[in-house]
Every structure is written in structure tokens, then in C-alpha cells.
2 protein chains.
Amino acid sequence: MIVDRYSKRQQQIIEAAINLIASDGIQKLSIRNLTRNIGITEPALYRHFDSKQDLLIEILNYFEETGKVINDEICTIYERPLECIEKFLLLKLENLSRNPALASVIFSEEIFRYDGRLSKKVQDIMRKNRDFIEKLVITGQETGEVRSDIPGDQISMIILGTIRLLVKRWRLSDFSFNLEDEGRRLKDTIIGLISEGK
Amino acid sequence: MIVDRYSKRQQQIIEAAINLIASDGIQKLSIRNLTRNIGITEPALYRHFDSKQDLLIEILNYFEETGKVINDEICTIYERPLECIEKFLLLKLENLSRNPALASVIFSEEIFRYDGRLSKKVQDIMRKNRDFIEKLVITGQETGEVRSDIPGDQISMIILGTIRLLVKRWRLSDFSFNLEDEGRRLKDTIIGLISEGK
DNA sequence: TATAAGTTAGTTAACGTTAACTAACTTTAG
DNA sequence: CTAAAGTTAGTTAACGTTAACTAACTTATA
């Protein structure tokens with residue numbers, strides 16, 4: 001799993017960290033916690049990662065890469081922009097559903113805020129999704145699939161903002177509802193809302 | 001300012017805390033920081049608040065109360081639900097614009113996540129806004145002002161989610177754009193989108 | 001047998017909080 | 001009206017805990 005540029009132990013550490021983040025939130029992730037969970041001592045971790053920051057960066061990298069895989073996949077399989085937006089939403093929701101830790105990480109900008117490298121990375125990930133959707137919306141407006149009476153950046157803000165809030169509520173409710181089901185309903189509404197003509 | 005149930009010193013502490021939160025984020029707010037900023041020693045703070053948690057609760061109370069004042073004001077001045085939603089958005093954006101710390105607090109659920117009292121309070125505040133908008137949307141649908149082809153809860157999610165994302169971007173960009181201007185544009189779009197007929 | 005991966009036993013820095021005490025007021029009592 | 005008693009708001013010094021991290025030594029592996 002994950003990526004082959006990591007050793008077995010590194011993969012194990014990253015996976016354990018993700019699981020801990022998923023269950024207890026990112027700010028409960030300490031080296032103590034993490035290493036105890038794996039069954040090694042704290043200093044042993046430093047044989048595999050130079051610092052906690054480095055470990056967190058690798059976790060963010062992992063999520064960034066899986067996100068990229070999703071986006072690339074969409075582009076090769078589907079052609080119509082509106083269809084791509086639809087698939088984007090479905091795949092992202094599915095991905096979050098399977099990796100609740102990702103929801104924790106997505107909403108941790110506040111925690112990373114004053115760590116330059118980490119907050120830059122989180123913002124990068126956000127920006128990539130934003131750019132991806134915004135481009136789809138704009139080409140959709142050019143092909144006439146997406147309504148043109150609203151600026152593309154606003155449409156993308158509506159799409160991402162709405163989904164983000166759904167995910168936030170899912171997380172705050174301790175994942176108590178089915179994200180994919182609710183997301184599908186919301187996706188249908190959003191697609192209907194931004195389509196040209198009725 | 002604030003409320004008269006606090007002493008001068010308590011008000012000063014609360015205000016200083018809000019300013020520190022605005023500039024450095026909520027998780028940089030330590031008793032050390034705060035008291036140094038005011039010019040008293042750490043233990044002196046405990047003459048005015050029993051614990052840090054108590055202080056944070058009071059800060060949240062303050063924001064909750066100003067939010068309530070806004071909502072009550074809207075209800076007495078305006079009648080048409082759509083008009084109320086419009087004013088709600090404008091007043092909230094104005095309030096955030098004047099109190100950037102509020103944006104920090106709004107997005108700190110992740111930090112409070114494992115403090116029962118604090119996370120409950122934050123969720124209360126979120127829920128109040130949600131209920132307020134959802135009710136307006138539903139009565140708007142009944143009076144025929146708001147489109148009825150989309151469930152009310154979804155419309156309220158679109159409204160709040162979109163605005164939330166705008167505020168989040170404003171915060172992540174270090175308040176680098178004019179929130180009220182951008183918000184007004186977005187508000188017009190949202191109102192157009194949810195109005196019945198075109 | 002050298003190196004990778006682990007251990008024990010620490011370090012430094014920060015956190016919220018408390019104990020013990022004091023200067024400067026205000027209130028009460030003789 | 002003055003002196004004792006009490007209150008308010010502050011001080012210094014320290015507490016116990018936790019955080020990330022490290023130096024030095026040991027074990028396991030290729």
C-alpha cells in the first residue's frame with residue numbers, strides 16, 4: 001500500500017498515524033501515542049522520520065497523491081465537464097468515507113496555521129481541488145453545459161463550500177450518517193442547480 | 001463594551017484574548033501569552049477566571065450573544081424571509097469583518113474537539129445559525145419566495161457552506177481581500193439561485 | 001562484522017495551575 | 001475617628017505533566 005518510496009516500517013508508521021488521526025483527531029497525535037500504538041519506543045521513530053513535522057508532511061503527501069490519482073482518473077475516463085464534476089464529487093466522497101482521517105486532516109488548517117511547511121501543504125491541496133473544479137466549470141460554461149449567468153469562480157465556491165460543510169457536519173457528528181448517501185443527494189441538487197437550461 | 005456582568009479586568013482579559021486569537025490563532029493562546037500581553041502575571045488571571053476553559057467559554061458566550069443580537073434584529077426589522085436571509089448574510093459578514101477573531105473561533109472545532117464543554121458550545125453556535133437559516137428558507141418556500149424544488153435543508157447547506165468557504169479563504173489568505181465586497185457579490189448570486197422564478 | 005533498528009535514560013521547553021505571601025484598599029467595631 | 005479585620009488583586013516560586021527530541025548503548029540482521 002501507500003507508495004513504494006517508503007520502507008515497511010515507514011508505511012506502518014504512516015498508516016498507524018492516519019488511523020490515530022481518524023479516531024482521535026490530529027491534535028491528539030503525539031509521538032508517544034503513535035509509537036506506543038505500534039509497539040516501539042519513541043526514539044525508534046526517529047530512525048524512520050527526522051521529525052514529527054516530516055511525518056505529517058508525508059501524511060499530507062499521501063493524501064495529496066491519492067487526490068491526484070482521482071483527478072487524473074476522472075480526466076481520462078470522462079469527457080463532458082459536468083460529468084467530470086459529478087464523478088469528482090462522488091469519488092471524493094467515497095474516498096473520505098473510506099478514510100475518515102482525511103476529513104480530520106482537511107479541517108486541520110487551523111492547527112497547522114503557524115507551521116509554515118504544513119499549512120502551505122494543506123493550502124496546496126485545497127488549491128488543487130479548487131483549480132480542478134474551476135477549470136471544469138469554465139470549460140462547461142464554454143461548451144454550454146454549465147450556466148453562464150454566474151461567474152465560474154462563484155459556481156466552484158458553491159460546489160466546494162456546500163460539500164465541505166456536509167463533510168464537516170459528518171465529522172462533527174462523529175461520522176454518524178452515511179456520507180455517500182447524503183452526498184449523492186446533495187450532488188444531484190448541485191448539478192441541477194449549475195446546469196444550463198432546466 | 002462586551003457585557004456588564006464582567007468586571008473591568010475580566011473585560012480587558014477577554015478583549016486581549018480575542019485580539020491574540022485574531023492575530024495568532026486560538027491554539028497559540030496560552031495563559032502566559034495572554035497575561036504577558038496584558039501586563040500581569042499568570043496567577044493573577046486566576047483571580048478573574050477559574051480556568052482557561054472558563055475563559056474560553058466566556059469568549060464563546062460573547063460571540064454567541066452578538067450573533068443572537070444580529071438574528072433578533074433581523075427578525076424585528078424585516079418581514080420577507082428572503083430579505084431576512086439577505087440581511088443575515090450581510091450582517092454576519094460585516095461582523096466577521098470587524099472581528100477577525102470570530103473567524104478563528106468558528107474554525108476551531110477541530111481544536112476544541114476533545115474538550116466536551118467547548119466543543120458543545122461551538123456546535124451550539126453552528127446549530128443556531130443553521131436553524132435560523134433553515135426556518136427562514138422553509139417559510140420562504142411556503143410563501144413562494146424561495147424555490148420549492150430543492151429541500152430546505154439542502155438550500156440552507158448551500159447558503160451556509162458557500163459563505164463558510166468564503167470566510168475560510170479570507171482567513172487562510174490572512175484577510176487579504178475585502179470580505180464584505182466579495183461576500184456581497186456571492187450573496188447576490190446565492191439569493192438569485194434560491195429565488196422562485198427568474 | 002558492519003550497519004540498521006531498537007533500547008534506556010535522559011534533555012529542554014512549554015503548558016495550566018497552585019501555594020504562600022503582600023500591598024493597598026474598604027469595611028467594621030470600640 | 002481610629003484601629004482592627006477583611007477583601008481585592010497582585011506577586012514570586014514552584015508544581016506536576018506533557019511535548020518533541022537526543023546521546024549513548026545494545027541487539028538483530030544481511
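So you know, we letter chains A, B, ... as the sequences are listed, proteins then strands, and number each from 1. A quick note: this is a predicted structure, and the numbers were derived from the prediction, not measured.
Follow the hydrophobic side-chain contacts under 4.5 Å out from Leu93(B) and you reach Phe177(B) in the same cluster. Follow the hydrophobic side-chain contacts under 4.5 Å out from Ile138(A) and you never reach Leu160(A); the two are in separate clusters. Put simply, Ile155(A) and Leu90(A) are part of two different groups of oily side chains (I, L, V, M, F, W, Y) that touch within less than 4.5 Å, one to the next.
Ion pairing between a basic and an acidic side chain is recognised when a charged N comes within 4.0 Å of a carboxylate O; Lys52(A) and Asp115(A) show no such pairing. A salt bridge links Asp124(A) with Lys120(A): at least one charged nitrogen is closer than 4.0 Å to a carboxylate oxygen. Using a 4.0 Å cut-off between charged nitrogen and carboxylate oxygen, Arg117(B) and Glu58(B) do not count as a salt-bridge pair. With salt bridges taken as basic N to acidic carboxylate O contacts below 4.0 Å, none links Arg36(B) and Glu42(B).
Using a 4.0 Å heavy-atom distance criterion, Ile38(B) is classed as making no nucleic acid contact. The residue Arg32(B) sits close to a base: some heavy atom pair falls under 4.0 Å.
Between Trp170(B) and Pro100(B), the closest side-chain pair of non-hydrogen atoms falls below 4.5 Å.
One can place CD1 of Ile26(B) at 16 Å from C1' of dG16(C), the figure rounded to the nearest angstrom. Nucleotide dT8(D) holds its C1' atom 13 Å from the CD1 atom of Ile40(B), rounded to whole Å. Here dA13(C) presents its C1' atom at 14 Å from CG of Asn33(B), a figure rounded to the nearest Å. One interatomic measurement links the two molecules: CG of Leu56(A) to C1' of dC21(D), which rounds to 15 Å at whole-angstrom precision.
If you check residues 108-116 of chain B against DNA chain D, you find no residue with a heavy atom closer than 4.0 Å. DNA chain C is contacted by Arg47(A), His48(A) of residues 45-55 of chain A, taking any non-hydrogen atom closer than 4.0 Å.
The side chain of Ser30(B) places an N or O atom within less than 4.0 Å of a non-bridging phosphate oxygen (OP1 or OP2) of dC15(C). In this model, the phosphate group of dT7(C) is approached by a side-chain N or O of Thr41(A) to a distance below 4.0 Å at OP1 or OP2.
Across every non-hydrogen atom of Phe175(A) and Ala22(A), the tightest pair is CE1-O, 4.1 Å.
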Grab the N/O contacts between the protein and nucleotides 2-4 of chain C below 3.5 Å, and write none if there aren't any.
none

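Seen from the ring of Phe107(A), Lys168(A) counts as a face-on cation partner, given the 6.0 Å and 45° thresholds.
Counted by atom type alone, Asn33(A) and Asn37(A) present zero donor-acceptor pairs between their side chains at under 3.5 Å.
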